[in-house]
There are 2 protein chains.
Amino acid sequence: MELAEARLKFIEAWGKLGSEWGINRTMAQVHALLMISPEALTTEEVMAELSISRGNANMTLRDLIDWGLVEKQHKTGERKEFFYAEKDVWTIARRVAEERKKRELTPIIKILDQLAGVEGDAKDPAYKTFKTTVTDINKLANNVNKTLDTMLKAEENWFFGSILKVFK
Amino acid sequence: MELAEARLKFIEAWGKLGSEWGINRTMAQVHALLMISPEALTTEEVMAELSISRGNANMTLRDLIDWGLVEKQHKTGERKEFFYAEKDVWTIARRVAEERKKRELTPIIKILDQLAGVEGDAKDPAYKTFKTTVTDINKLANNVNKTLDTMLKAEENWFFGSILKVFK
DNA sequence: CTTTATTTTCATTTTTTTTTGAAAGTTTAA
DNA sequence: TTAAACTTTCAAAAAAAAATGAAAATAAAG
């Protein structure tokens, strides 16, 4: 397989994976393109490579910056902005985990805390089932939360090494 | 807060979480409803509780069955079908992990294996960056894969207990 | 069989999400 | 200043995803 073909396949696959996980396909594709680009790219280059509009490229790049996955660069003598993606895969994984934790896990734990406190008749099956389910989900969410905190502090080899060693 | 209100909030929150993770909002809501229902429900009841159409309820329930989260039940003397959700939260988590692994992780690892094998000029920065990125993502994906295998076999307390103890 | 209850399908409609592109805004440099 | 280069915004359009509902299919009962 040619590099050019492989690059396209990678961009396509990363876009598909992203959309399956609730991330805009184009955003995942721009991320993929930047991850495999040794040099920072301009908006124009991103637009051309992926055949997307200026508005789309601009918004997507801004989102990637918000996720902590891409940074703006300025080159001396050049007027336009360049975009460069973090290349360390474990750092990328941690940034994504950190953002999703903040945006999704923390809010749902807050709601579950409220819901787990609902009062009711201890003999009512509807109440018992609700209480048990919500309390159990809350506990699991807190376990995931703590595990993510661990992951955010850990090195990749240490993290997986330890997990896989314990459960060998 | 009343149980009735809490139930609605839970269904809403679960639906939102689902849609953020690439799962159809209605499917997540039907799942939430069944998780907090002590008894199996009929299609009619699901339709009424969530104000959705028969076609939608039918397809969504079938999908939940495909995910291994809901089972059909038949009651003697009753002609219609009843739907009952798995209530053990750790079992639910494992089923979801198992399905997403099968549907998404395994296919992308297959693609990454192909892409990691692409040949090229070892001095070409574009090639080097591509190769490194793809290889690193592949390694991470395989670590996640193994960790999921462990999770699928483990008990909740054992799994998180061990992880959190190692990294305490 | 035939009828009735129930489930499934799927073309069409509706809703939601994403993308476009041109205008407005901003920055730099001459 | 002014003007050119570049970035951002956002209303409108397009595309994608989800939902509807009625007809077809299936299954059970008489």
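Just so it is clear: chains get the letters A, B, ... in the order the sequence lines come, proteins before strands, and each one is counted from 1. If you're wondering where the values come from, they're calculated on a predicted model, not measured in any experiment.
Between the Thr150(B) side chain and the Lys146(B) main chain, a donor and an acceptor come within less than 3.5 Å of each other. Remark: side-chain polar atoms of Glu86(A) are paired, donor with acceptor, to backbone N or O of Asp88(A) under 3.5 angstrom. With hydrogens and angles disregarded, no donor-acceptor distance shorter than 3.5 Å links the side chain of Arg94(B) to the backbone of Glu156(B). A distance-only check finds a donor-acceptor pair linking the side chain of Glu45(A) to the backbone of Thr42(A) [under 3.5 Å]. Side chain of Trp14(A) to backbone of Leu33(A): no donor-acceptor contact under 3.5 angstrom is found. Proximity of a side-chain donor or acceptor of Lys72(B) to a complementary backbone N or O of Arg62(B) within less than 3.5 Å is not detected.
Going from atom CD of Glu78(A) over to atom C1' of dT7(D) covers 16 Å, rounded to whole Å. Atom CD1 of Ile23(B) and atom P of dA17(D) are 15 Å apart (whole Å). For Ile52(A) and dT7(D), the CD1 to P distance is 14 Å, given to the nearest whole Å. For the pair Met59(A) CE and dC6(D) P, the interatomic distance rounds to 22 Å; values are reported in whole Å. Remark: C1' of dT9(D) and CG of Leu61(A) are 15 Å apart, rounded to the nearest angstrom. The CD-P distance, from Glu81(A) to dA5(D), rounds to 17 Å in whole Å.
Two residues, Lys80(B) and Ala57(A), neighbour DNA chain C, and the one matched to the more 5' nucleotide by heavy-atom proximity is Lys80(B). Nearest-nucleotide positions on DNA chain C for Thr43(B) and Asn56(B) put Thr43(B) closer to the 5' end. Toward the 5' end of DNA chain D, the nearer of the two residues Arg25(A) and Lys72(A), judged by each one's closest nucleotide, is Lys72(A).
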Tell me which donor-acceptor pairs under 3.5 Å the side chains of residues 130-140 of chain A have, and how far apart each pair is, sequence neighbours excluded?
{"from": "Lys131(A)", "atom 1": "NZ", "to": "Ala116(A)", "atom 2": "O", "distance (Å)": "3.0"}
{"from": "Thr132(A)", "atom 1": "OG1", "to": "Lys128(A)", "atom 2": "O", "distance (Å)": "2.8"}
{"from": "Thr133(A)", "atom 1": "OG1", "to": "Thr129(A)", "atom 2": "O", "distance (Å)": "2.9"}
{"from": "Thr133(A)", "atom 1": "OG1", "to": "Met35(B)", "atom 2": "O", "distance (Å)": "3.1"}
{"from": "Thr135(A)", "atom 1": "OG1", "to": "Lys131(A)", "atom 2": "O", "distance (Å)": "2.6"}
{"from": "Asn138(A)", "atom 1": "OD1", "to": "Asn142(A)", "atom 2": "ND2", "distance (Å)": "3.2"}
{"from": "Asn138(A)", "atom 1": "ND2", "to": "Asp113(A)", "atom 2": "OD1", "distance (Å)": "2.9"}

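Using a 4.0 Å cut-off, no side-chain N or O of Asn58(B) falls inside it from OP1 or OP2 of dT20(D).
Under the 4.0 Å criterion applied to side-chain N and carboxylate O atoms, Glu20(A) and Lys16(A) are assigned as salt-bridge partners. In this structure, Glu44(B) pairs ionically with Arg54(B), as a charged nitrogen and a carboxylate oxygen lie closer than 4.0 Å.
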Sequence-aligned protein contact record of nucleotides 23-30 of chain D, with B where the base is within under 4.0 Å of a protein heavy atom and S where only the sugar-phosphate is: ----BBS-

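For DNA chain C, the outermost nucleotides in 5' to 3' order that have an atom under 4.0 Å from a heavy atom of chain B are dT4(C) to dC10(C).
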